[in-house]
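A short write-up of the structure that comes next.
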Amino acid sequence: MNMDQLKRQAAARALEEVRDGMQLGLGTGSTAKHFVELLGERVRAGLKVIGVPTSEATRMDAERCGVPLTTLDDIDHLDLTVDGADEIDPAFNLIKGGGGALLREKIVAAASDRMIVIADDTKWVATLGRFPLPVEVIPFGLGATRRAIEKAFADCGVSGQMAVRKAKDGHVFVTDGGHWILDAHLGRIEDPPRLAKALSAIPGVVEHGLFIGLASSVVLAGGGGIRVIERR
Ligand SMILES: O=C[C@H](O)[C@H](O)[C@H](O)COP(=O)(O)O
C-alpha cells in the first residue's frame, strides 16, 4: 500500500466518528483532502453536516465535493475537527503548518470539542523537531521578530537555521492571512509547551505550528493496519 492509500485509510477511519448533524472543522493538506473527499461522498448519500474549512484550498475542495460550509461567525462551536499533521509525539503535541495553514487550523481546532489527527504512521515521532517548525510572521519588522525568535529558541535550549518559506515559483510564500512563514530547522524540541509559550509572546509572531493540548485522538495508518490512539 502506498503513502496516499495509507492517508486515505486514516481519513476513512476518522469518518466513522462523524454523525448526522455535526458541525465539523475541515483540515488542510494531502491527508485532510482525503477526508473532505470521503465526507463529500457521504453528504451526497444524505449525511447532514456543515463544515468550516481551514484554508482557501480546503474551501475549494469542500465546495467541489458538495460539503456545505459555514464560518465561525455563524455557529458557536464545532463538534469535531479532522486534520493532518507533520509530526505527532506521544504527548499528542503536534507540528503543523507544512502546507502553510497553521493559523486557521489552530483557530478551528481550538473552537472544536474534539480534534482527530489523521496521518500515516511516519508522522509519529518520539521527539518533535525533525520537521521544520513553521512560524507565521508579519512581514513588517521581520528583522526584529527574527531576533526575538532566536532569543526564544536560545532560552528554550533549541537552535537551528531559519528561512523564509518560498513558494514553488520562487517568490515568498504568502499565507491565506497575508503573512509570511519562517521555517525553523531545530532538529529536536525537548519541551514543546515551553517553546510554544515563548513564541506566542513575540509581537511579530502571528502563530506557530506547535499545537499543544488540542489533539484528542490520533489515527495512524501503516503497513500493519490502523491504530487509533486516544489522549489519556
Ligand atoms: O498547513 C498544513 C497542515 O498543517 C497539514 O495538516 C500538515 O502539513 C500535514 O499535511 P499532509 O497531510 O499533506 O502531510
Side-chain angles (χ1 to χ4, degrees), residues 1-15 24-39 51-62 78 80-89 92-112 114-125 128-137 164-168 172-186 189 192 196 199 205-222 226:
M1 197 172 292
N2 66 31
M3 199 65 99
D4 207 49
Q5 290 167 323
L6 292 178
K7 291 176 181 185
R8 200 164 182 93
Q9 273 201 343
R13 176 61 188 79
L15 190 63
L24 300 171
L26 306 175
T28 294
S30 55
T31 318
K33 191 181 169 89
H34 285 298
F35 178 78
V36 171
E37 287 173 1
L38 294 170
L39 181 67
V52 173
T54 53
S55 63
E56 291 306 305
T58 297
R59 183 180 59 73
M60 286 188 279
D61 286 340
L78 292 166
L80 173 67
T81 290
V82 178
D83 202 348
D86 301 302
E87 283 186 346
I88 309 151
D89 78 7
F92 280 33
N93 300 311
L94 315 175
I95 288 184
K96 286 184 53 56
L102 62 148
L103 174 58
R104 292 188 188 183
E105 287 176 337
K106 201 178 279 188
I107 292 170
V108 166
S112 195
R114 284 168 68 208
M115 178 191 194
I116 300 180
V117 178
I118 52 176
D120 66 81
D121 64 2
T122 64
K123 306 283 186 71
W124 182 260
V125 298
L128 298 184
R130 199 152 58 89
F131 191 91
L133 176 66
V135 183
E136 185 161 348
V137 293
V164 174
R165 187 179 296 183
K166 297 280 173 56
K168 283 201 184 91
V172 173
F173 176 89
V174 180
T175 67
D176 284 344
H179 311 123
W180 292 5
I181 289 182
L182 292 170
D183 286 307
H185 299 253
L186 301 174
I189 303 172
L199 290 172
V205 171
V206 182
E207 197 43 89
H208 54 77
L210 288 170
F211 282 47
I212 311 295
L214 289 169
S216 346
S217 48
V218 175
V219 178
L220 291 176
I226 296 274

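Just follow the structure's listing: the first ligand is 1, and inside any ligand the first atom is 1. Quantities reported herein were computed from a predicted structural model and do not represent experimental measurements.
- Of the inter-residue distances, the one linking L26 atom CG with L39 atom CG reads 6.5 Å to the nearest 0.5 angstrom.
- Heavy-atom separations between K123 and ligand 1 include at least one value shorter than 4.0 Å.
- Between atom CE of residue M1 and atom CG of residue D120 there is a gap of 12.5 Å, rounded to the nearest 0.5 Å.
- The two residues T54 and A101 make their nearest non-hydrogen contact at O-CB, 3.9 Å.
- For the pair L133 and L199, the minimum side-chain heavy-atom distance is below 4.5 Å.
- Shown in contact with D83 at under 4.0 Å from a heavy atom are these atoms of ligand 1, numbered in order with element: 6 (O).
- A 4.5 Å side-chain heavy-atom check between L220 and I88 finds at least one atom pair inside the cut-off.
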Subject >> side-chain contact (heavy atoms from CB on, under 4.5 Å) between L128 and L210, worked out >> reply: CA-CA 9 Å; L128 298 184; L210 288 170; 3.9 Å; yes
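- Counting the atoms of ligand 1 from 1 in the order shown, those under 4.0 Å from a heavy atom of G84 are 6 (O).
- Close N/O approach between A32 and ligand 1 is not found [any backbone or side-chain N/O within under 3.5 Å].
- At a 3.5 angstrom cut-off on N or O pairs, G29 does not count as close to ligand 1.
- Here the heavy atom of the protein found nearest to atom 3 (C) of ligand 1 is E105 OE2, 2.9 Å.
- Scanning all protein heavy atoms for the shortest distance to atom 2 (C) of ligand 1 gives G99 N, 3.1 Å.
- From the protein, the heavy atom lying nearest to atom 5 (C) of ligand 1 is T28 O, 3.1 Å.
- Ranking protein heavy atoms by distance to atom 13 (O) of ligand 1, first place goes to S30 OG, 2.5 Å.
- Rounded to the nearest 0.5 angstrom, S217 OG and F92 CZ are separated by 7.0 Å.
- Heavy atoms of G27 come nearer than 4.0 angstrom to ligand 1 in no pair at all.
- For ligand 1, the atoms sitting less than 4.0 Å from at least one non-hydrogen atom of G98 are 1 (O), 2 (C), 8 (O), numbered in the order shown with element in parentheses.
- Checked by atom type and distance alone, the side chain of D61 never pairs as donor or acceptor with a backbone atom of K33 at under 3.5 Å.
- Heavy atoms of S55 found under 4.0 angstrom from ligand 1: none, in either backbone or side chain.
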Subject >> side-chain contact (heavy atoms from CB on, under 4.5 Å) assessment of T175 paired with I181 >> reply: CA-CA 8 Å; T175 67; I181 289 182; 3.7 Å; yes
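- Scanning the protein for heavy atoms near atom 7 (C) of ligand 1, the closest one is D86 OD1, 3.3 Å.
- Atoms of ligand 1 lying under 4.0 Å from at least one heavy atom of T31, given by number and element, are 11 (P), 12 (O).
- Remark: K96 does not engage E207 in a salt bridge, criterion side-chain N to carboxylate O under 4.0 Å.
- The shortest N/O to N/O separation between K7 and ligand 1 does not fall below 3.5 Å.
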